[in-house]
Amino acid sequence: MSERDRFGSRPLSLVEVDLDWVANPPGPVNPDGTPCYGTPATTQGTGLTFTIRTRRFASATAPRPWELDAIPCVSDVRFETARLKIGESLGSFGQVTITLADFADDDRLEDPFFTERPAAPVGTYFARLLARNPYWQGRALRLWTGSATDGFDPANGEWRHYQIRSLTRSNRSTWQLTAVSPLQLANLRNAKAPRALGWRLAYALPAGATTAIIEGHETADPSDGLCRLGDELCSFTRVGEVLTLGRGQFATQPEDHEAGDAVKLALHFQDASIPTILRTLLVDHGGIDPAFIPDADWQAESDRWLAQYRLSPLPISEPVGVVALVNELCEQAGLFLWYDERSRSLRLQAIRPVGIGSIRTLTDDDLIGEVELVPDPADRVSRVVLLYARRDVLGGLDNEAEFRRRLIGQGFGEGPQAYGEPALRSISSRWFTEADDALAARTAFTIAQQLQDGRVGIGFTVSKRHSDLDLGNVVKLVSRDLTDAAGQPRPTLAIITGRSPSRDGVSVEFTAEPFPYVVRYAYAMANDHTATYAATPENLRDPGWFLSDNSGRVPGGDPGYSLA
């Protein structure tokens with residue numbers, strides 16, 4: 001039995017923070033006479049080598065992990081976990097807030113030239129640390145929560161990875177260190193696509209000219225693409241300050257432009273897959289580190305469940321929030337995206353059938369307390385009205401006349417024996433064109449079918465032996481709290497949308513929603529065994545199917561099943 005499974009185990013939190021550091025500071029005093037403390041903000045000189053130095057802080061009330069050189073000053077850890085909003089948006093992002101007790105110390109930990117200072121330090125540890133390291137946002141933070149042992153054992157807990165949002169003083173004796181997911185950091189930065197450039201025309205550009213000279217460019221700026229000048233879109237290639245232009249693209253008209261006019265980047269996708277679009281938005285325009293994106297996993301999910309989405313919308317020529325654009329794709333392509341702080345990755349999943357063998361069954365023996373059902377009819381959608389196929393690349397999304405297509409989706413629950421009235425959701429899509437009628441119909445059906453009764457929240461608590469369950473996992477709940485019309489337990493498939501790490505050390509709270517994919521489907525399995533249907537394990541029999549051989553028999557000799 002591991003320490004964290006033992007009754008009476010002692011909880012321990014360990015925080016690791018990566019901050020910039022100068023590996024070769026000039027000495028205790030900079031050339032201008034100011035003190036040098038080995039941080040970029042306090043160090044001057046040429047030929048400096050920048051690296052990372054990790055600070056560690058541990059629970060103040062737990063046995064100190066001496067081998068990690070961690071300061072025992074963590075007094076509280078509070079999680080606000082991410083919440084999925086299946087097929088609608090990114091939901092909430094989640095964050096962790098760590099309370100740190102400040103203290104007076106002799107500065108041996110932070111001052112590389114401590115022994116050369118003429119006077120003892122003043123102030124407190126975190127006040128000095130922030131003054132010497134003012135740039136915290138976006139830096140890496142790792143949080144380990146688990147149980148203390150005589151020697152630190154990472155197997156007795158789990159690591160979570162975040163990016164720092166802020167370090168702020170709560171009062172004279174405590175500080176709050178807040179860390180978030182990369183998705184929330186992009187939202188806080190108000191990242192937009194297309195991203196802003198500093199380009200301006202150095203000289204006037206007549207309507208017939210195909211070469212322009214720009215100012216304000218940087219080496220890393222795009223070398224080709226699409227740009228907007230006034231109400232004109234142009235293709236461009238760039239060599240240094242020289243743009244070679246293809247004038248009047250996407251039915252815009254070449255115009256005269258004056259010196260000093262802005263040259264703005266436009267964003268254009270052609271035959272692009274969902275992973276390509278999302279990666280471009282998040283990395284190129286949202287500033288998210290590509291290390292957070294598991295490209296192979298995204299591509300595998302897309303190839304199997306989102307392959308029909310090859311999108312070629314009109315260009316985006318005015319800045320739109322990156323998170324808003326990602327939310328549109330989540331809703332209109334039927335997918336959800338969230339940050340997994342334990343694997344340090346952004347995970348992508350389509351609204352789709354659950355994979356073979358990936359359903360966890362939870363019975364009343366596994367559940368602690370009752371299963372709570374929280375219906376929210378305010379989110380009910382009986383029918384979707386979808387506008388798509390934009391007419392004008394410069395037009396907005398708020399005018400119905402700007403779209404060539406208007407699709408009224410199938411209705412659910414509108415009859416007199418149901419809700420008796422419609423609940424419409426109108427969607428104006430920038431992503432679908434005239435060639436995407438089938439995708440538009442799929443979107444309208446999926447949303448209305450999923451939300452015909454509104455959203456239904458399912459809350460349940462399990463012991464920590466099921467703590468490996470995570471967002472996006474599918475469970476089968478078999479409980480006396482979920483019954484059919486005869487009062488018998490009704491096995492209910494649910495997808496986990498929220499996970500609250502345990503504060504008592506013995507349980508984990510989850511929120512879920514009924515599994516949203518109800519379209520009939522079948523898996524074709526490899527013919528690599530000879531079991532009969534009756535003898536096949538449930539995890540293969542439930543999502544799979546048996547097809548007869550040429551004699552009309554399935555492996556094992558049982559009669560085959562007819563397919564109507």
Side-chain angles (χ1 to χ4, degrees), residues 83-91 274 305-306 308-309 327-337 349-354 359 371-389 397 400 403 405-432 436-459 472 474-477 482-486 490-498 511-522 542-543 564:
R83 303 286 177 182
L84 302 184
K85 207 160 188 179
I86 305 297
E88 184 170 341
S89 68
L90 291 173
I274 294 296
W305 303 110
L306 300 168
Q308 67 271 47
Y309 289 90
N327 282 343
E328 290 176 6
L329 282 172
C330 287
E331 178 183 54
Q332 295 169 35
L335 58 94
F336 46 106
L337 183 72
Q349 185 170 317
I351 296 178
R352 56 161 171 83
V354 62
I359 300 174
V371 177
E372 297 181 326
L373 286 180
V374 184
D376 186 2
D379 279 339
R380 173 178 164 251
V381 177
S382 68
R383 192 184 300 263
V384 171
V385 178
L386 185 63
L387 304 173
Y388 62 104
L397 301 182
E400 185 170 340
F403 298 91
R405 293 280 203 274
R406 183 173 188 265
L407 183 146
I408 301 177
Q410 179 180 343
F412 292 88
E414 296 179 345
Q417 278 71 49
Y419 290 94
E421 60 182 7
L424 302 181
R425 174 177 290 181
S426 296
I427 297 175
S428 299
S429 175
R430 76 177 77 244
W431 300 103
F432 297 152
D436 297 322
D437 290 337
L439 298 182
R442 181 181 187 273
T443 294
F445 174 85
T446 300
I447 293 174
Q449 183 278 321
Q450 177 192 349
L451 297 177
Q452 58 183 296
D453 296 314
R455 289 195 179 273
V456 178
I458 303 174
V474 177
V475 295
K476 180 187 290 186
L477 299 172
L482 303 171
T483 61
D484 58 20
R490 183 188 74 248
T492 301
L493 281 184
I495 185 167
I496 294 175
T497 58
T511 57
E513 292 184 9
F515 189 63
Y517 195 93
V518 298
V519 177
R520 297 185 67 185
Y521 64 92
D542 188 15

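Positions are given from 1 along the sequence.
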Can you tell me how far the CG atom of L337 sits from the CG atom of L329, to the nearest 0.5 Å?
-> 10.0 Å
I495 vs Q349, side chain to side chain contact (heavy atoms under 4.5 Å, CB included): CA-CA, chis, key distance, verdict = CA-CA 12 Å; I495 185 167; Q349 185 170 317; 4.2 Å; yes
State, yes or no, whether a side-chain contact exists between Q452 and E414 at a heavy-atom distance under 4.5 Å.
-> no
Can you name the nearest heavy-atom pair linking W305 to A350, along with the distance?
-> CB-CB, 3.8 Å
Would you say the side-chain atoms of S428 pair up with the backbone N or O of S426, donor to acceptor, closer than 3.5 Å?
-> no
State the CZ-CG distance between F515 and L477, to the nearest 0.5 angstrom.
-> 13.0 Å
Non-hydrogen atoms of G409 and A444 that approach each other most closely = CA-CB, 3.9 Å
Do you know which two heavy atoms are closest between A494 and I458, and how far apart they sit?
-> CB-CD1, 4.0 Å
Tightest non-hydrogen contact, residues I351 and P516, listed as CG2-CG, 3.9 Å
Backbone of I86 reached by a side-chain donor or acceptor of R455 within 3.5 Å | yes
Side-chain donor or acceptor of R383 paired with backbone N/O of L424 under 3.5 Å = no
Do E513 and T497 have side-chain atoms, one donor and one acceptor, less than 3.5 Å apart?
-> no
Under the side chain to side chain contact (heavy atoms under 4.5 Å, CB included) test, residues paired with A440 that sit two or more places apart | L386, Y388, L407, F432
Is the closest side-chain heavy-atom distance between V384 and E331 below 4.5 Å?
-> no
Pairwise side-chain contact, I359 with V475, heavy-atom cut-off 4.5 Å (strictly under) | no
If you measure from CG on L451 to CZ on R380, what distance do you get to the nearest 0.5 Å?
-> 11.0 Å
Is the closest side-chain heavy-atom distance between S429 and F403 below 4.5 Å?
-> no
Please report the C-alpha distance between Y419 and F412 in whole Å, then the side-chain angles of each, then the deciding distance to 0.1 Å, and finally whether the ring-ring contact (aromatic ring centres under 6.0 Å, His included) criterion is met.
-> CA-CA 9 Å; Y419 290 94; F412 292 88; over 10 Å; no
Got K476 and L493 here, is their nearest side-chain heavy-atom distance under 4.5 Å?
-> yes
What's the shortest heavy-atom distance between R490 and D484, and which atoms?
-> CB-N, 3.8 Å
Tell me, do I427 and I447 make a side-chain contact under 4.5 Å, heavy atoms counted?
-> yes
Under 3.5 Å: donor-acceptor pair, side chain of T443, backbone of Q332 | yes
Residues A418 and G413: closest non-hydrogen pair is CB-O, 3.5 Å
